[in-house]
Amino acid sequence: MTTTAQPTARKPATMAQALTRALRDAMAEDPTVHVMGEDVGTLGGVFRVTDGLAAEFGADRCSDTPLAEAGILGTAVGMAMYGLRPVVEMQFDAFAYPAFEQLASHVARMRNRTRGAVPMPLTIRIPYGGGIGGVEHHSDSSEAYYLATPGLQVVTPATVEDAYGLLRAAIASDDPVVFLEPKRLYWSRADWSPDAPAPVAPIGRAEVRRPGSSATLLTYGPSLPVCLEAAEAARAEGWDLEVVDLRSLVPFDDDTVCASVRRTGRAVVVHEANGFGGPGGEIAARVTERCFHHLEAPVLRVTGFDIPYPPPMLERHHLPGVDRILDTVARLQWESRWTEGRGA
Amino acid sequence: MTVLEQPGSPRHTSGPAVPPPAWRPRVDPAPLLPDTEPYRLLGTDAARRLDPGLLKRLYTELVRGRRYNTQATALTRQGRLAVYPSSTGQEACQVAAALALQEQDWLFPSYRDTLAAVARGLDPVQALTLLRGDWHTGYDPHEHRIAPLCTPLATQLPHAVGLAHAARLKGDDVVALAMVGDGGTSEGDFHEALNFAAVWQAPVVFLVQNNGFAISVPLDKQTAAPSLAHKAVGYGMPGRLVDGNDAPAVHEVLTEAVRRAREGGGPTLVEAVTYRLDAHTNADDATRYRTEAEVETWRAHDPIALMERELTGRGLLTDAFATATRDGAEQLAAALRDRMHTDPPLDPMALFDHVFIRQTGQLRDQAAQLRAELDAEAEADGTTAATPAPAQEARP
Ligand SMILES: Cc1ncc(C[n+]2csc(CCOP(=O)(O)OP(=O)(O)O)c2C)c(N)n1
Ligand SMILES: [Mg+2]
């Protein structure tokens, strides 16, 4: 792989295409990588992310399983025990729930309960989140369940480059990864070189996507583009917002997050998942514990409401949008400058 | 609507043909059906043809197994085991499961199946680690190819299917035998595992020990099926019903199922009808849900007594053999008692090991916190100095 710039090699690609390429390259490189799930074979998955894999690697390496999520994950555990590296596709966020017992009782703790003798090099891909006009049970943001389960890494890409790089890292990881794919970013595009993908930061590192000085937006997955848009709009208000893409909820990158918040003195967490018991509460607590003396205002949250995911014709009221983010930024006690005074 | 009508019935003879089904043609269910009565060998003519070596081996393991069960139960009373789900009365299933497998095969036991693991060669102290409470799995599963004891009911079954499937994809000669209770057959994972196994034709054998109860709940509240073995037919695999207290019969049925799996014939569901003579665990009071009279009828069908009758009838239970068998069992019990009476070494800091291959920042912070607490404890005892671990930001 060369790092020399090859302008002709960069072309527009969607996040879905980058994910497909990641699966393909991982399967080509490592014969123990097996893709399994509902409709992943002949059809190529309902989002076409596994398109072409069965044709290239055969039905044993990319297999249409019976329709049973606990069975898919449970058999994948056995395959991992035997040395394979299964990549499981759950068709939709809300249809991964039947597999939760296998996830919580086995996948997450197998390494621990066997004192390292039986690792679980498993990747569980879950399309998640709303904003695609999906009817009931097709738009959940279920990340809080996973990050509340010790032993799981929880990763979510927000860019085309990360979709490729993080999925490759997830498959290569010797520990299980819940890999949350933001559905509404599947068709997002960026210039990208599929034959020489740029290396990305490892799992467990956050990235500053937009540097700024007045406040930090902490976000991930489907809410990253919304936050970037909000940051642009905020310029008109005189706010220069920094946007941090968390990328990995577990492990959590306290260092990058806290460095940003200490610099700006203000923080807002933005995610689609409902607020109560959601990731934002944990993130706000961590930031407050670590950056208390640098904060000008309480850490605020912009999240989905504490309601079952709404029907598609109403979902725009539920999802964090630019206006709600800016309204929240406005509440960051801009009159306050007390930490500077105290520091003197 | 017409789908439900029989092709070939008079109404179809002149009309258009029923399109060919998009699904596989149905297989004839008759060969998959279990016998109506549990298969038996002991006390039948067929038993007389059984190899004396096998009978003596099974008997030795049964006697050891019974002694292991009584010793482990005693250890709960002495505070040396947190809990023990005894397999007293079920030893024939436990022993046969272990002996039906070859070296390279895998066993997937539940919490009740430590004896099967021990009969397969696992150190009894390691087998009891979970139940002693010093760690979850006391052994390296790869060493004897015994999966960790599984407590969430039936969840080990899909693991066995996946492992067997993976082995077959690799071209390895490996069969997985998975054990589950009668209550566990109501779980969704039981259904999903059997279905996957049959669709994949995975080399797996499912052994249901039907001991009559799921804690207090009898089988008639668990299922309306003619037998648990009948469930196999719905998945397209054979079901076998066997007397679970007849060690040679269980051994023969399992060995045959393992052979079939090994030769590419696919999975088998075996229901072994047995009885849990002890309570669910030492913490359970079985008198609340079953009568002593019922237990007595099963004591009369004790797997060890059945074997002794056979061995005596064939002149195989010599005094020397009986004594040697008893002595061997006593040695096992004595060694177990001695070794379990020493406290296991515990390292609280090991709590943070093996959560992930590399410790995360969060876990490092928490480990530091525990380290500080331990140091403070030690300091209070007058030994080492404490190291504080602030998670909170210090004032600038
Ligand atoms: C998923 C799950 N639900 C409940 C329990 C609690 N529990 C432990 S053993 C048991 C009864 C199981 O009965 P059975 O499957 O017949 O096995 P046996 O104990 O008789 O060997 C129950 C309800 C459990 N371990 N796992
Ligand atoms: Mg039972």
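Residue numbers begin at 1 in each chain, while the letters A, B, ... track the order of the sequences.
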- Contacting moiety of B/Ala167, where chain A heavy atoms sit under 4.5 Å: both

- Message: I'd like to know which of B/Leu169, B/Leu130, B/Val161, B/Thr151 tops the heavy-atom pair count under 4.5 Å against chain A.
- Response: B/Leu169

- Would you call the rings of A/Tyr220 and A/His271 parallel, tilted or perpendicular, where under 30° means parallel and over 60° means perpendicular? tilted

- Message: So for A/Met110, is it side chain, backbone, both, or neither that comes closer than 4.5 Å to the heavy atoms of chain B?
- Response: side chain

- Item | Minimum heavy-atom distance between A/Met90 and A/Ile124, given as atom pair plus value | CG-CG2, 4.0 Å

- Message: Hydrogens and angles aside, do B/Gln222 and B/Asp182 bring a side-chain donor and acceptor to less than 3.5 Å of each other?
- Response: no

- Message: Counting heavy-atom pairs closer than 4.5 Å to chain B, which one of A/Arg111, A/Met79, A/Arg61 comes out on top?
- Response: A/Arg111

- Stepwise, does the side-chain contact (heavy atoms from CB on, under 4.5 Å) test hold for B/Thr129 with B/Tyr139? CA-CA 8 Å; B/Thr129 300; B/Tyr139 50 93; over 6 Å; no

- Query: Taking the six-membered ring of B/Trp135 as reference, does the NZ or CZ atom of A/Arg115 fall below 6.0 Å from its centre and within a 45° cone about the axis?
  - Reply: yes

- Contacting region of A/Leu152 [heavy-atom separation from chain B under 4.5 Å]: backbone

- Is it the backbone or the side chain of A/Ser105 that comes under 4.5 Å from a heavy atom of chain B, or both, or neither? side chain

- Query: Non-hydrogen atoms of chain A under 4.5 Å away: do they reach the side chain of B/Val199, the backbone, both or neither?
  - Reply: side chain

- Query: Side chain, backbone, both or neither: which part of A/Pro66 has an atom under 4.5 Å from a heavy atom of chain B?
  - Reply: both

- Options B/His136, B/Lys170, B/His165, B/Gln362, ranked by heavy-atom pairs under 4.5 Å with chain A, top entry: B/Gln362

- Query: When only pairs under 4.5 Å are counted, which of A/Ala76, A/Pro150, A/Pro119, A/Ala117 shares the most heavy-atom pairs with chain B?
  - Reply: A/Ala117

- Item | Check: B/Met179 main-chain N/O paired with B/Gln156 side-chain donor or acceptor under 3.5 Å | yes

- Message: At a 4.5 Å cut-off on heavy atoms, which part of B/Leu351 comes close to chain A: side chain, backbone, both, or neither?
- Response: backbone

- Item | SB check A/Asp30 A/Arg85 (cutoff 4.0 Å) | yes

- Contacting moiety of A/Ala70, where chain B heavy atoms sit under 4.5 Å: both

- Query: Relative to chain A, which segment of B/Ala147 carries a heavy atom at a distance below 4.5 Å: side chain, backbone, both, or neither?
  - Reply: both

- Item | Residue B/Leu194 versus chain A: region with a heavy atom under 4.5 Å | neither

- Item | Interatomic spacing from CG in B/Leu177 to CH2 in B/Trp106 - rounded to 0.5 Å | 13.5 Å

- Item | Toward chain A, the part of B/Asp353 with a non-hydrogen atom under 4.5 Å | backbone

- Message: Counting only non-hydrogen atoms closer than 4.5 Å, does A/Asp60 touch chain B with its backbone (N, CA, C, O), its side chain (CB onward), both, or neither?
- Response: both

- Query: Can a donor-acceptor pair be found between the side chains of A/Asp39 and A/Gln91 at a distance below 3.5 Å?
  - Reply: yes

- Message: Can you classify the ring geometry of A/Tyr146 versus A/Phe100 as parallel (below 30°), tilted (30 to 60°) or perpendicular (above 60°)?
- Response: tilted

- Polar side chain donor-acceptor pair, A/Gln102 to B/His159, under 3.5 angstrom: yes

- If you tally heavy-atom pairs under 4.5 Å between each of A/Asp253, A/Asp175, A/Thr32 and chain B, the highest tally belongs to A/Asp175

